[in-house]
Structure formats: structure tokens, C-alpha cells
Amino acid sequence: MKALLLAGAVGLGTLCLGADPASNDKALEQHAGAQRLLSEATRRLTDQQDANRKARAAIRNLRNVVGQQESVLQSIENPALPHAWRPAVQQSVSAVVLNLTFREGRPLPDGRKLPAWAAIARDSDGRPALKIEVDAATKEQTKGINNLVFGLPADRVAGKRLVCRAMVKAEGVEKPASATSGGKFVVHYRCGGKSRWPGASIGCGTFDWKPVRFEVDVPDGVSGVFLAFGLQGTTGVIYFRDVKVEAMAED
Amino acid sequence: MRPVWLCLGVLLSAATACADDYRLDAQGFIRDWLVGGPYPSYWVGGAPRGFPDDFLAALGGEANAEPRDGFSQEVEFVADKAKLIAGIGSTNEWGYTATKRVHAVWKALHSEQARVSLGESFGPFKEHIAAYALCYVVSTDRKRIRVRVGSDDDHKLFLNGVRIGSVNAAQDDMADKFVYEANLQPGLNRLMLKVVNRTQGFGYCVALTDMRNAPLRDVTIRLEAPRRKPAAQNQSRPSMPVDREKLEAQTRAIHAQIASQEQALATARAEAARLAGETEGLDRRRAELYRAIEAAYAARRAKLASNPRPVDDPVAPAQVARCRRCLNGDQWLMGVGDSAMEKDEGRTPPDPKSMTPGVLPMIGMNEYFRTWYYPVALRDAKNPYGKLRPHPGWEQYTFNPLLCAKRLWMRTQVELAARTAADACTLVCEHLNGSLHAYFNGQYCGQFSGNIGLVEIPLKAARPGNNTLELFVAAPVELISQFRDTWGIQGDVYLETASPVNVASATVRTSWRNGTLASTTELENRSPNAAKVRLEQYCVLDGRVRYRLPAQQTRLAAGTRMALENSGLWLEARTWGIGGAYGPPVLYQLVSDLYADGRLVDRRVTPFGFREFWVAGSDFYLNGKRIILQGDVGFESKTAGLANRRSCEVIFALLRADGINTIRSHDSDYWSPAFLRLCDQVGMLAYVQMYPILHEKRPLGNFTTGKQSYLSYDEWLKHPLHQRNLENYARWVKMLGNHPSVAIASTDNEIFTQAWDTLEKLDFNLRNDRLGAFYERYVKSLEPSLVMTRDGDEGTWGRKGKWQEDPPCDTANYHYPDFTIEEFVANWPTVYGFRPAVFGETLYHSYGAWDDWIGAVSVQVHKKALKVRQVASRYRSEAVPAQIYMGLVLDGFIRFDASGEGNPWHITESMHNACLNRGTPIAAVPGYPWARVPWPSLSGPGLKLPATRIDVKRSGIHAINWFDAGRPTHVRNEVNDAYRDSLLPQPPLALPSDAECLVELGPAGKGRVVRISALDSLGGRLEQVADNAGTAWFDLPRPGRFRVECDARVVEVQIAGRGARSTRPGFAEIPRVTLSPDRETQP
């Protein structure tokens, strides 16, 4: 068989082993045809699901608009009523999407191993924190990218406002050359073919524990949402703890 | 296991179509190609890797590859988390979290158009991809040809294995943008084009012509070479053993998967139907609620009653001293001043012999801008500050270097009658940017410093006969230490005379919802004695008194000013609207009659409109009806912009016909109230803007040195320039009063921009944003009824995403949401926290800086029209409350082509190029791209630059004819139609309600004062100093009967309103009154 295979491999025409070449071809064609059909079916389904997601978002929006209009109408008919036009829809925290508690000697909360430049260590206040330490050699080796990235569930955060919080401390974080580098605490998502990186300003240098916080409205139709934090394009030590992402919901 | 061998070549036999011969189209474009893709173009280091990467290396390289129809290659779209996600901001790919493997398949493609669009060819891969297009050009002989290429974006072109051209840049696929010369061999010539898409559109076009640019007629196109290379031909299937049973099992599994997908699809479709039903119901409810809201507003208003009741009385005539003399014109002498004078309240003017004639108003400017405003050229094109040379065709024109002087003395003679000299004389300037010290007969009278608002300086030491008025004007450059393009006295200059006890100003505020009319009236007593005064105020329409406010009495001490507040409920007032369902732009006159010690001493007439514009929920309402603002912010022309009433009259009417109901005056535009007066009259809404000064020195140049290079928020609030901002804003708000056209006011522009909005600058940006919010709230506190916005405060292009100020501004303003429709347009009420969304700039204009200055070539116009239809119709379907386009006036009204039919002057592309590149004159427009403006007089209101730029390769505003009576106003293009079809139709503009006339005295009348008095009972007097040609050009507040007099000559004339002639170009139809010693005529 080996000889025959080799013979085939060197191009001895349509030699086959115990099979009708025509039926083999037919099987291949049927397989390819099925794949095409599957691809087409997947595309149709995905398109429909996309359209439905947009429609659901539009309906949420319309419900809010209608609610706001009803509020406007009431305030015209009864000016004594307090104006409730903005926001018509109150938002409250509905779900904690990500809550990272770092424990000494353990892997990351999602089970991943820590990279060499990160560790979970007890700080001088006795509480554990994620420590990211980057020296010049590490920066060179990692091309300056020393962020930890955690995926957020796109289906739970699409169309929501996220509140991202963390406690941060820094020691000797060098001022980066690039404006987009430095201490990072950001959300990344893509929508409509564009990447977005909303985040908090962390600053550089040395500072004690301080809270950082930012809010981001994640549009409907995002493809992948991530929280990233750490150092980028710089050296120094940065600590994180109590990293939390909450999704706001409409009451 | 039953291994089988795939028969080589079996599956490609369907490619017979590829052996066909195809023809070029009539213009020589290749319409048939073998296209392969997508291939990944990683974005690395600010450049697309797809350009250098050779994806066809396995086929001998992209220069030599001969793939066939159906050939496929597995390619990877790598999603390396470390690079794509953690490497924040370093790459920009397809959004996958795991590497995708897809097949780049080669397929025959016939394009119905010359431009081959690939935007939808590769499924979800639309950006950051590369593709190849291959064909074989069959030639009967050897020949030299031109290959004409357009590509969006980068491209490489190979002919017979040789690279004949490449461009590594983001660009549009404009036909013939790149022309490569090459040799065709007899027989087959392999032509391989590689195109890389960065973002946005993806496509290309290739045409073949001979060396005289005629399309090739003797070649055909094939999509495959006739000689098949056995090993390479079967490129679509691997030559490897296959387990048929396994294959069949896999096929069955796939079918099961398909069935499952179909079931899921059926479920999804059922949900879609349900969602559609719910959407329809909500849309219906929304529409009902809009109707209910409008009805509720009307019902609430119907419960109110007027108090005092309206009246219908004649206006009592009045004989008062009030008179306004326009000092615009060429009777001024000017000389350069020096910096010592800025602090000098004494008068140290230059030697009169060194002063030369000058014209007011004028645009003082940085030398850099000389060629922008005047028909002059640079001797050295690389040195914008260097010496000038005459522009071809303008050899007789001499540029006045005083226009670039940062300090100027100006002097003119003012002749006053004995009675007038005893009145209160005031210097008024409607627009001054910089500082001004005023002297009358050598005595210092006062100063002004700022960049907006009326300048009002009481003049002292007036005497009968000749008086000398001297002005020292300085540019604001030293004060602000920032680059300023223009300065000086750019608005009209008046000498206002009135009784010493007079009405200094009257401001009207109206509320449609409450039915109220409120006035704030400033009374002034410049006499040495206190006066007991009575103020009677009433509203006049069509010469009849319609409503009277309660009379007020008070005592006005000598040398003081006092403000009186008055109000009434007036439900019957006719509202000011933009036409159609909103009603016409009715303008009342508030007449303020002031009696001192029982005698009528002053009558001030203040036009106003009764209207209210407000925010309710996420929408705007005008007089109880919801309104969507469809605006334009494209007045980029320096010579035909908002400073020029004539051009505005023509342009506004054209814009309205295509759906524009709002004009946004950008901060760099004109700030005179003249623009607002026109909007008031014709029913155009105005969206006005003024930036604050935020820095003492330019902050960004030293930004990298740290935060200390700018003053903090708190430090700034103690800085003198902050005080200057407050004064400017207070004057601005006062200026906006009485103008019903003002719908939205903006206090800043794009504090967060792509260039500035980085994390490193976040503190700096937040500081600026807080200050922007501070000034917005300050303006709002001065006039709570103003609807405020802050242009681009919603994080234009940046990462900010949400407003910072608390409480937020009335409106959410986002610039260029057309780049991010799904994020910032879809469901906008939710996105912007249930405030009205204002897209303060959108659809950036398409023939200029961002588009390689290509001009309104047909393909670009067509693409822009498609984009307008796509975006504007989306705004319409989403009911976005305010859309300000950048703009119809730039992208419409022009075509740049060989026909010359795309502009009123019939200037063709070749004429334009020959004129600008080789100096070949254009007979129809000597001096092109400048056209002489045939001003009928240098006197009268408005800036009067000698020429206007009509560069037909620039933008539409340059091709709108407002000055040449012998030519049409405009030509339309596809973009005009796109706007007209996509926007909500708007009612036509009203015709201006005022009048004008030209009084001709003859050359002997040079410098004489012409007076026009209204002979109706409302009265009023205007004066004008005749220019050196002896003409005096008057803007009159209304048509009617007037007395025209100069010296001892008097004539009474009937002067018609501007009417429809205001929308026609030129000045020939202005009514003329000849008033010379030997002849007096009337229009």
C-alpha cells in the first residue's frame, strides 16, 4: 500500500485503492456541498440572530422613549409633578459581571497561571494584591505588554452600562513614551468594525492605594468584551485588588 | 479504511467560463476578473501588513502566480490575545478572540460597473484585508500602453511578473488616480492587482488605454491561461487519501447540524416577527404620544388669557432725536500704531502724513492668510509670510499691507448739526475682535476688549460742524498668545445719536408655553439733571399697535443707567416660525417711547419674534410643535461666508430647498448680529457658537513636560482671561437676545478630539471639559431659556464615551457619528441618557483635505451622494433631533469635470488646471480663481472684499454665484438630490422683510452725509456717509415711503422690499435714488 500511495503521490494518474473513483468523488462533492449548505445556514442564522439582537435593543430603547414621553405628557398636564424626563429610566446595579479577589499562593481567579511578571503577594497592609512588576528586561521580552485580560460575557454586558472599579497602588512606574501606554485599567470591545478602549486614568510614578473607577456604555452588537489591567510600555510595579465589574440595569 | 485518491483536475472542469474572451468596456475598464481573498492585513505599527506580505508565495509569489477559478487557500486570521487584546491600542483587527481559519477562494467576477466593489465579497471580513485580482490581457501585437488604476486603499500591480506600480496609502478608488506605462506582449499578458483595504470602502478600477489615452480596442481579457499546469491546476483539493466512510459520516453529521440550524432559524424568525410586531406597536404609541404632547401644550396654553388685552390701534407719530449714522466706507485714514499706545489713554496718533486711505469694516489678518482673502499670490509658495505678487488677472489690484498690521490708527471726520452735537453720541460697532480705544476731538472716550458683542462707547466733546473720530485698534494676539487668523473691526460702525435721556437698549423674552412677553429696558440719562421718566412700550405689526405693556414711571438720576422689567400675557401674538406648520417668521417691533418730564424724548424700535424653543424629553419643540433640526455648517469660504449678506441670501434659500432649516455658525465664522437678523427675517434657525479662551499660552507644545504647563481649573478661575471670557459671554448673550432664530447656543468645540483624547492627557482634557461645562452653565444662568450644547462634548472620536459635567448639558453633542452608527446613532436616546442628541458635525465634506483635494469629480460626488443617502436617511429613521451636516453647501452645487456644466461659469477641469498650473487665463473669468465683486458702493452695512474665490475644484460654496447678475446662481449635483431625498422636506424660506436702496450723489457727493427718514408713523432716521464715488447704500428696516435728503436736496420716494430679488445674484436690481444738484429721481 505504501508503494501505491507513493506512486499516487508522485502523480500516477487516477489510481485508487479498492474504490470506485467516481463514487469517491461523489462523496467528496457531497461533503463539500454539505459544508457549503452548513455555512449558508449558519450565515442565515447568524444574520437573523444579529437582526433580532438589534431589534431587541431598539425595543428597549423605544420602551424607554415611550416612558419618557409619557412622563413629559404627565408633566404638561400636571405641571406640579416633578419632571422625570432625565433619565426616564433609572439604572441600578443588576449584576456583578466580574469580581476578582486575589489570594496568595493561588492561581488567578479564573484558574489561569500567572505570568512570570505577575504575582499575588501580601501588601504591607496585610491584604493580598495582584502585583505586576516589570523591569527593563521584562519589558523588552514582553514587548512592553504586561496586562492581564479577563473576558466579560458579551451576552450579559451588551447594551448595558458597566461600572468598573479597582484599588490601585504604584511604585516607580516610569512615564511611558507613548500616550496610550502606562498603567492600564480598561475595557476593550469591538463594535461596528471599530475597537474601543474606554478606561480609567491611572497615572504613573509612586502612589498609595487609591480607588479607580470608570463607566462604559457597551453598545449592542459587540463582538467580544474584555477587561484588561496592568502595565503597558513602561516599567515599575503596580498593584491591583478588589477588581470588580458591575452591569447596570434599567429599573 | 478505504483510502482513495482524488482525481487530479476533476473538480476544476467547471471553469470553462474562464476560458471565454471578454472585452474592455467603452472607457477601457476591465470588468472581468479572477478575484481571490480574503487575506489578513494585520495592522502593525500604524501600517497594513497586507501590503508587503506575499500571500501567494506557494504559487511562485504574487508577481508570478497563476491561480485558477475555484482555487482556495487556507489562511489564518490570527487572534493572539497577547497582541490583540492586552496590547491595548497597538493593533486593530477583526474582533475574534480565537484564531480563525478560512479559505481564500478565487472566483470569476464580472462587475456591472467600472469600479469593482469588494466590500461585500468576503463575508464578515470587510476591513484590514487584502485581495488579488487577476486577468490575462490578450494582445495581437506588442504595444506601449497606459494602465490606469484607482484603488481603495493600497495596491500593487504586476504585468507579466514585473511590478509596474504600487501605492502604500489609504485612499479612494478614484478612476485614473494612478497611471502606469507598460508594454504589452503579443499573446497573453498576466495582469495581477493586489488591493489592501484598511478601513471603510474596498474596491478598485483598472482601465487600459493607449498612449493617447484612448481605450484599447484590440485586446481581450481572459481569466485563465490556456496551458494548464497539471500539478498546479488542482490547487483546490489536497492530493491525499480519504476515508470514504468517515467522509460520509461527516457529511451526515453536517446535515444534522444543518437541520438543527434550520430549526434555530425558524425559532429566530418567529421571534423576529414578534419583535417586529412589538416595534410597530411602540412606534405607533410613540407617534400617538407626540400628538398628545403637542395637544397637551396647546390645551394648557388655551387655559390662559391675555393680560393686558390685545389692541388694534394706530401708531402715534413721533419726532425724536434718535438717528443712526453708518460710518462704513472708504472715508477712513489709517496708519500703523505701536504697542505703547495700547496702555495710553492719551492720544498719540501717527503723523497724519503717514496715514493712507482705508475701508471699514475690514478683516485684519495674520499675513499667512493674505492669499485666502485677497486676490494676491506668493512670490515664494513655500513662504506664506513672504513677498506678494499680483495674481494673474489682478495686476491692477494692490494689497494694502495695513490689513496685516496688529495695531492701527483709524481716523475720520464726523459732521454734526448743532442740534445733534448736543445729543448723546455713541460709537457703536457690531463686531470687533481685539481691543479698541476711541477718541473724539482728541478726547479719550473709552475702550473695549473682547471678541464678540456690541461695542458701545459714549462719545464726549461733540461739537457742531466737523468732529474728528479716532480709533486705535489692536489685534488680540499679544493678550492671548495664540495664533489668531483674523481680527479688527469686522462689523458695521455707527454713530448713534439720541436724546441725552434715552432708551439705551430693550430686550424681549417670549414664552409660548406661558404666553408671556417680558422686556428688560435700559434707560440712560446723560444729562446733568435728574429726570422723571415714563416708559410706554407696545408691539407693532404691519404699522398697527397690537399689544401694550403696562406703562412704567421712575426717576432717573443724572449720569445713570437703570433697567426696567416689564411683562404681560399675550396669547394672540402671532408666532415666529420657519414656515409651513410652524407659521411664517413674523417679526414684531417693540416700540419703547420714553417721556421725560412729560415730553416724548426718545423712541427705540426693537424687532423681535414671539417664539419659544425648548427641550422636552429627548426632543426639541418650537412653539408647541416638535421640530427636527437639519443643519449645515459648511461656510468655509472666507469671502462668501456668513459675513456676506448677499451670499447668505442666495445660499440660505438654496439650502432650504434641499431640507436645511438650521445654520450653525462655527466659531471661526462671523460673529456680527447681521447674520442673525437675516435668519430672523427669512425663518432660518441659527445654531450659534463661541469658544472660551482656555489657556494663557499654547498648552500642548509643552505638554510632555507635565501638568505644570497649564493652569489648573481652580487657577484658571482666578485668571484675568477667565474674566474676559465671562465678559465676552455676557455680551454674546445680550447680542443673541431679540433674535428668534437662535435655537441652540454652544460654548465650546471638540474639547475631546482624536488627537487630544489620550489617557496621558486625560487630566488636561478633564480640566478643559470642566471649564467648558462651567461656561455653558454660566451662559445658561444669564439666559435660562437658551438651549445649550457643547459641540463634540460626547467624546468625539475618543474614548471618553460619556459626558463629565454634572448636571449634564441640555443636549448631548457628538461629532461625526457617521463613523460609528451602531454605537452612537442607533438607539440614541438610550445612548445619550435621554437628552436630545445633537450631531453638531457630520458627513465631513468630501472634496478636500480628507479626500486628497480631488475636487467634485463624478465618482466622488456619486459616492458622497450614496453616503448621504445612507447616513441621512438613517438619522431620519432614528428621528435624531439635530443633524448638522458639514455640509450640503460644500458637497452640493458643484461638479468638476470636462463638461464645464458643473458651475455657473462653465469652467472645465482642463481650464482650471491650465489656469492654476500654467497661468493660462480663462476668458470668461479673468483673474480666476478670483472673481471681482461689483459692489455698488463701498458705503453701507457689511464687509466688502474686492473679490471672491470661485475655485471650482474646492467645494460647492465657491461655485454658488451671488454677485454676477448675468449668470445662474448655481448648478445642482447628485449630493443635492441625496440631501433633498433623505431629509425631512422643509417649507420654503420667507422673503426678507426689509428693504434697501442706493442713493447716488455723483462724484461731488463724496463724503457727504445722506439722511433717510421713514415717513410712516413709526418713523426712524438713518444716515450714511457717501463713499468716494458719491454713493450711499442703505439697509432700511422695512419698505415704505421715505424722505431722502443730502445737504439742501430732498426727495420723497417709495421703496419696495427686497422680496424675491434677494435670492437672485448681483446688485443690479437694488432700487436707486439719484440725488444730485441737477437731477433727482426715485425708484
Next on the checklist: Does any backbone or side-chain atom of B:A272 lie under 4.5 Å from a heavy atom of chain A? Answer side chain, backbone, both or neither.
Outcome noted: both

Checklist entry - So do the side chains of B:P829 and A:N64 get within less than 4.5 Å of each other, counting heavy atoms only? => result no

Next on the checklist: Under 4.5 Å from any heavy atom of chain A, what part of B:Q257 do you find: side chain, backbone, both or neither?
Outcome noted: both

Checklist outcome for this item: On a heavy-atom basis, the closest approach of A:A55 and B:L275 is CB-CD1, 3.9 Å

Item to check | Selection from B:T279, B:D619, B:I293 maximising heavy-atom pairs under 4.5 Å formed with chain A | outcome: B:I293

Next on the checklist: For a 4.5 angstrom cut-off between non-hydrogen side-chain atoms, does B:H255 reach A:L37?
Outcome noted: yes

Item to check | Close side-chain approach of A:D217 and B:V831, heavy atoms under 4.5 Å | outcome: no

Item to check | Nearest heavy atoms of A:H31 and B:I254, plus distance in Å | outcome: NE2-CD1, 3.9 Å

Next on the checklist: Any non-hydrogen side-chain atom of A:R56 less than 4.5 Å from a side-chain atom of B:E271?
Outcome noted: yes

Checklist entry - B:E822 and A:K54: side-chain contact (heavy atoms from CB on, under 4.5 Å), yes or no, with the steps? => result CA-CA 9 Å; B:E822 294 306 324; A:K54 284 183 182 169; 3.8 Å; yes

Checklist entry - For B:K246, does the NZ atom have more than 12 heavy-atom neighbours from other residues, nucleotides or ligands under 6.0 Å away? => result no

Checklist outcome for this item: Under 4.5 Å to a heavy atom of chain A? For B:R269 that would be both

Checklist outcome for this item: Interface check, chain A: of B:E248, B:Q250, B:E278, B:R252, most non-hydrogen pairs under 4.5 Å belong to B:E278

Checklist entry - Step by step, would you call A:R44 with B:Q261 a side-chain contact (heavy atoms from CB on, under 4.5 Å)? => result CA-CA 9 Å; A:R44 282 201 303 269; B:Q261 301 262 32; over 6 Å; no

Item to check | Residues B:T830, A:R60; criterion side-chain contact (heavy atoms from CB on, under 4.5 Å); working and verdict | outcome: CA-CA 9 Å; B:T830 303; A:R60 274 201 303 275; over 6 Å; no

Next on the checklist: Is there a side-chain contact between B:R285 and A:E70 in this structure, where contact means two heavy atoms from C-beta onward sitting under 4.5 Å apart?
Outcome noted: yes

